[in-house]
Protein chains: 2
Amino acid sequence: MAIDESKKLSSSDLTRLLRQTITSGEFSPQDRLPSERVLSERFGTARGTVRSALAKLEREGVVETRPGSGTYVVGEERMVTNQVVANASPLELIDARFALEPHSCRLAVLNARSADFEKLEALMDEMEQASDNPAKFSELDTRFHALLAEITGNSLLIWIVAQINSVRNQEQWKLMRHLTLNEDMIHAYNRQHREIVAAIKQREPERAAQLMKNHLESARLSLTRSAAT
Amino acid sequence: MAIDESKKLSSSDLTRLLRQTITSGEFSPQDRLPSERVLSERFGTARGTVRSALAKLEREGVVETRPGSGTYVVGEERMVTNQVVANASPLELIDARFALEPHSCRLAVLNARSADFEKLEALMDEMEQASDNPAKFSELDTRFHALLAEITGNSLLIWIVAQINSVRNQEQWKLMRHLTLNEDMIHAYNRQHREIVAAIKQREPERAAQLMKNHLESARLSLTRSAAT
DNA sequence: TAGATATATACCAAAATTGTACCAATTCAA
DNA sequence: TTGAATTGGTACAATTTTGGTATATATCTA
């Protein structure tokens with residue numbers, strides 16, 4: 001496992017790191033983790049810090065510690081959660097959004113309430129005021145798509161979109177958006193967002209889904225164009 | 001209007017920026033934010049500005065600060081994969097599959113190789129031999145849909161489908177399938193699987209997607225029927 | 001100009017981390 | 001069986017980090 005030596009680890013950071021290490025498959029269920037002293041050396045922290053992190057994981061039910069013996073991984077085997085998401089390519093991400101978001105729009109049509117539209121309008125207003133600020137627009141755009149998922153009320157979809165958004169917040173992706181997001185692009189996106197919300201408001205599921213497809217197609221095009229140059 | 005990227009952040013700007021950062025998923029509930037000194041450096045503002053922004057967020061109830069410890073995101077416990085997936089309702093699951101799998105079929109059309117069809121054929125043969133064994137059929141059916149995702153070659157889709165499938169193996173769900181899966185149903189599903197694979201083989205993406213929608217609609221119907229009785 | 005806001009710096013008290021030492025339970029080889 | 005080695009459990013003081021606060025300066029706005 002690669003550890004960023006330059007970053008200091010706090011207890012909560014170490015908890016997350018250990019959980020990731022376990023769920024990423026480095027340690028299988030019933031496996032014994034390295035001893036606390038080894039872990040403390042490996043992560044560059046004191047043994048007490050490792051202990052508090054392991055205690056938290058034990059409260060979560062991820063591991064089980066047996067005095068004199070060791071700390072063992074409990075529970076079912078999980079897929080490579082974070083690594084998959086972190087290593088996804090831009091085109092894979094777009095394809096995944098192509099799968100998810102048009103149908104999210106259909107479901108949003110069935111569930112949207114007036115309060116939801118108020119949130120959407122406020123968000124779109126803010127996005128239009130951020131036309132000259134790609135970084136700000138990008139954050140608001142992420143929030144916009146997360147909000148659409150929330151409106152569906154489907155916890156699975158909300159969670160999946162949140163996972164996908166966690167990719168978009170990574171440095172590598174912020175850099176890429178910087179290359180593809182010019183002011184014209186932002187105006188186009190704003191227009192498309194308005195159209196999508198209008199279709200949802202008018203309770204036209206198929207039209208909303210089609211508009212979302214068009215929106216994502218725009219994003220895919222600007223991505224492939226920037227990759228070609 | 002000229003674009004000024006190095007524009008200074010005001011307190012209210014920073015408040016909005018932090019709120020978006022939190023709600024977009026970069027920081028999950030119960031996570032500790034970076035220290036005020038680190039945040040001030042990251043956003044290029046003075047520590048006092050960060051403090052006033054965090055104070056505003058605390059008044060809003062978004063975060064909670066503990067002297068000597070840090071500032072924490074308030075809210076429900078972090079949505080770990082297990083919990084989200086385990087608590088999803090049957091209808092939520094179907095809706096999520098409605099979003100994912102038709103488009104997976106389109107992508108599969110673009111990527112399927114002869115070796116993939118061999119695997120699919122073998123799997124469908126096995127499923128047809130298991131018509132009188134709901135448990136075994138269900139296991140193979142899960143594998144069938146996972147294989148379709150694998151054929152897309154999209155690591156994100158593969159991972160998402162795997163996560164969703166992990167639900168279907170839980171006890172509660174096995175019980176539910178027991179109620180909905182009779183031999184006629186299994187025959188119908190087998191027929192639909194054959195049609196979907198045929199459409200992929202004939203490189204007809206839209207037809208494959210539509211057949212998958214029909215397939216999922218069958219599943220949804222049998223679910224609602226069993227819930228009604 | 002006068003008020004409001006942001007910056008920069010310094011110091012405090014609370015909390016966390018560190019480093020060390022020792023204890024008790026477990027493991028494993030002689 | 002015995003005993004050495006390893007493991008987690010615990011305690012304690014020193015150090016570092018963190019939020020809380022105060023002060024002085026600079027900058028912008030009405």
Side-chain angles (χ1 to χ4, degrees), chain A residues 3-19 21-22 26-75 129 133 136, chain B residues 1-2 4-19 21-22 27-74:
Chain A
I3 302 174
D4 191 345
E5 309 276 354
S6 66
K7 279 186 181 177
K8 296 170 189 173
L9 291 172
S10 68
S11 169
S12 54
D13 291 333
L14 188 55
T15 305
R16 184 178 18 245
L17 195 51
L18 280 174
R19 180 167 38 220
T21 304
I22 292 169
E26 178 164 344
F27 300 108
S28 301
Q30 318 304 328
D31 271 5
R32 203 195 70 188
L33 295 181
S35 71
E36 293 175 349
R37 290 171 177 85
V38 172
L39 285 176
S40 66
E41 188 179 358
R42 177 166 164 185
F43 291 105
T45 69
R47 193 181 152 215
T49 312
V50 171
R51 280 186 57 73
S52 78
L54 287 177
K56 205 178 228 170
L57 289 179
E58 186 170 25
R59 283 195 299 273
E60 288 183 17
V62 178
V63 299
E64 173 189 11
T65 78
R66 294 204 280 272
S69 176
T71 302
Y72 298 81
V73 179
V74 72
Q129 287 162 16
N133 186 342
K136 184 175 174 184
Chain B
M1 160 180 262
D4 186 4
E5 300 281 351
S6 63
K7 176 181 163 186
K8 288 179 186 174
L9 289 170
S10 70
S11 170
S12 56
D13 286 336
L14 190 54
T15 305
R16 175 195 49 75
L17 192 54
L18 282 172
R19 181 172 34 233
T21 304
I22 292 169
F27 298 108
S28 301
Q30 293 195 336
D31 272 3
R32 196 188 66 186
L33 296 182
S35 70
E36 293 175 350
R37 290 171 179 85
V38 171
L39 284 176
S40 66
E41 190 178 357
R42 174 183 298 182
F43 291 107
T45 70
R47 192 180 153 216
T49 311
V50 171
R51 280 185 58 75
S52 76
L54 287 177
K56 211 174 282 180
L57 288 179
E58 186 170 24
R59 282 195 298 274
E60 290 180 16
V62 178
V63 299
E64 172 191 13
T65 79
R66 295 206 281 274
S69 176
T71 302
Y72 297 80
V73 180
V74 75

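Residue numbering restarts at 1 for every chain, and letters A, B, ... go by the order of the sequence lines. Heavy-atom basis, side chains included; hydrogens, waters and symmetry copies ignored.
With sequence neighbours left out, the salt bridge (Lys or Arg N to Asp or Glu O under 4.0 Å) criterion links A:Glu58 to no other residue. Residues passing the side-chain hydrogen bond (donor to acceptor under 3.5 Å, both in side chains) test with A:Ser69 are A:Tyr72, sequence neighbours excluded. With sequence neighbours excluded, no residue forms a salt bridge (Lys or Arg N to Asp or Glu O under 4.0 Å) with A:Glu41. The side chain to side chain contact (heavy atoms under 4.5 Å, CB included) test applied to A:Arg47 returns A:Glu36, A:Arg37, A:Ser40, A:Arg51, not counting sequence neighbours.
Between A:Leu18 and A:Ala53, the shortest heavy-atom contact is CD1-CB, 4.0 Å. Across every non-hydrogen atom of B:Gly61 and B:Val74, the tightest pair is O-CG1, 2.6 Å. Nearest heavy atoms, B:Thr15 versus B:Leu57: CG2-CD2, 3.9 Å. Here the shortest heavy-atom pairing between B:Leu54 and B:Leu39 reads CD1-CD1, 4.4 Å.
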Where along nucleotides 1-11 of chain D does protein come under 4.0 Å, by heavy atom, of base (B) or sugar-phosphate alone (S), with - for untouched nucleotides? ------BBBB-
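Note: CG (A:Asp13) to P (D:dT16) measures 20 Å, nearest angstrom.
A rotation axis mapping the C1' atoms of four pairs onto the next four is fitted at both ends of the helix from C:dT1-D:dA30 to C:dA30-D:dT1 over five pairs, and the angle between these axes is 30° to 10 degrees.
When the side-chain nitrogen and oxygen atoms of A:Ser52 are compared with OP1 and OP2 of C:dA16, none of them lie within a distance under 4.0 Å.
When each of A:Val50 and A:Tyr72 is assigned the nucleotide of DNA chain C bearing its nearest heavy atom, the one mapping closer to the 5' terminus is A:Val50.
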